[in-house]
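The structure under discussion appears below in the form of structure tokens.
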Amino acid sequence: SLRGGRTSDDIEDVSLFDADDDVSRRSKKSKIRHPVASFFHLFFRVSAIVVYLLCELLTSSFIACMVTIILLLSCDFWAVKNVTGRLMVGLRWWNQVDDDGRSHWVFEARKVSAQGSKTSSEAESRIFWLGLITCPMIWVIFAFSALFSFKVKWLAVVVMGVVLQGANLYGYIRCKVGSRKNLTSMATNYLGKQFLRQTVAKEDQTAS
């Protein structure tokens, strides 16, 4: 089913291509069905972080370290955006240009099966979101560390890490929750429920 729709920013959500519907629905939720994709989902991004932390111990060449980290970040961006997100959690996003030259951001989400169950493995989903969320946060910490320690030459590298991995994080969150309108609605509903629960709890305490 579609989530959200076209917004003022020409963003639309469409269902994932039907080829993925052929994936077996009998796989256990806890089983890692795509071990290679799961490995490379973490390999490039973790390797970039390790190289950044150890580069000064391994070599004195800043250029070699910078090129290696940027290559790892670029490979990670491509792999996560085009491969691991589709295989591990059934999500994909990209930008397309119409015949009239208008640019659209498209966010795909795999359809739910007729029985109401998803074909994504819970283990793969945990690996995907853990790596997707944790690594950009680490690069943000690196950015503040480089800024406050006056390591200006590293700022370009850490900013590249924040931008590339942050872009994937934002894109997949949009795939998961739908349009900005739906995201705002979810936040409003959540806050409303929390306020209602607190009000009921206070009334119960007063009554008792």
Side-chain angles (χ1 to χ4, degrees), residues 9-11 16-17 32-98 101-109 120-121 123-177 180 183:
D9 294 327
D10 288 326
I11 299 174
L16 194 63
F17 43 82
I32 297 178
R33 295 168 44 244
H34 303 96
V36 176
S38 300
F39 172 77
F40 281 104
H41 177 71
L42 298 176
F43 174 75
F44 290 120
R45 53 184 49 214
V46 172
S47 297
I49 292 173
V50 172
V51 171
Y52 177 81
L53 291 173
L54 302 179
C55 62
E56 293 184 351
L57 299 177
L58 300 176
T59 179
S60 59
S61 175
F62 168 75
I63 299 299
C65 291
M66 180 183 69
V67 171
T68 301
I69 294 172
I70 291 177
L71 284 175
L72 289 170
L73 290 172
S74 300
C75 291
D76 170 74
F77 178 81
W78 183 89
V80 173
K81 179 178 179 295
N82 296 292
V83 181
T84 64
R86 177 176 60 85
L87 294 178
M88 297 175 68
V89 291
L91 303 174
R92 192 174 68 171
W93 64 276
W94 80 95
N95 180 269
Q96 69 180 22
V97 180
D98 293 344
R102 297 184 63 187
S103 178
H104 300 272
W105 289 100
V106 183
F107 301 89
E108 289 183 337
S120 299
S121 165
E124 287 182 348
S125 180
R126 291 192 190 99
I127 293 173
F128 179 83
W129 290 108
L130 180 64
L132 193 71
I133 295 172
T134 303
C135 291
M137 294 175 62
I138 293 176
W139 282 108
V140 171
I141 294 174
F142 288 163
F144 282 106
S145 176
L147 183 63
F148 292 131
S149 60
F150 301 103
K151 294 182 178 179
V152 180
K153 66 179 182 180
W154 288 106
L155 280 178
V157 178
V158 296
V159 167
M160 182 71 70
V162 172
V163 170
L164 290 179
Q165 296 195 355
N168 263 329
L169 176 60
Y170 175 78
Y172 282 115
I173 288 177
R174 290 298 310 276
C175 292
K176 186 71 175 177
V177 303
R180 250 187 235 126
L183 181 60

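Counting non-hydrogen atoms of other residues, nucleotides and ligands closer than 6.0 Å to CE of Met66 gives a total above 12.
Taking SG of Cys175 as the reference point, atom CH2 of Trp105 lies at 11.0 Å (rounded to 0.5 Å). Rounding to the nearest 0.5 angstrom, the gap separating the CG atom in Leu91 from the NZ atom in Lys81 is 13.0 Å. How far CZ of Arg92 is from CD of Glu108: 4.5 Å, rounded to the nearest 0.5 Å. Here SG of Cys65 is found 8.5 Å from NZ of Lys153. Values are rounded to the nearest 0.5 Å. Once rounded to the nearest 0.5 Å, the distance linking OG of Ser149 with CZ of Phe144 reads 12.5 Å. Here the straight-line distance linking atom NZ of Lys176 with atom CG of Leu132 works out to 11.5 Å at 0.5 Å rounding.
Looking at heavy atoms from C-beta onward, Met88 lies in side-chain contact with Thr84 at the 4.5 angstrom threshold.
Residues Arg45 and Pro136 come closest through the heavy atom pair NH1-CD, 4.1 Å. Of all non-hydrogen atoms in Glu124 and Ile32, the two that sit nearest each other are OE2-C, 3.5 Å. Listed here is the closest heavy atom pair of Ala143 and Leu155: O-CD2, 4.0 Å.
Aromatic ring orientation, Phe43 versus Phe39: parallel (interplanar angle below 30°, classes split at 30° and 60°).
Formation of a donor-acceptor pair under 3.5 Å by the Tyr172 side chain with backbone atoms of Val89 is not found in this model. The closest donor-acceptor contact from the side chain of Arg174 to the backbone of Phe107 lies at 3.5 Å or more, if one exists at all.
Test Leu164, Asn168, Leu42 against Val80 for side chain to side chain contact (heavy atoms under 4.5 Å, CB included) and you get one pass: Asn168.
Under the ring-ring contact (aromatic ring centres under 6.0 Å, His included) criterion, the residue pairs touching residues 47-91 are Tyr52-Trp139, Tyr52-Phe142, Tyr52-Trp154, Phe62-Trp154, with sequence neighbours excluded.
Legend: residues meeting side chain to side chain contact (heavy atoms under 4.5 Å, CB included) with Val159, ordered by chain and number and at least two apart, are Val163.
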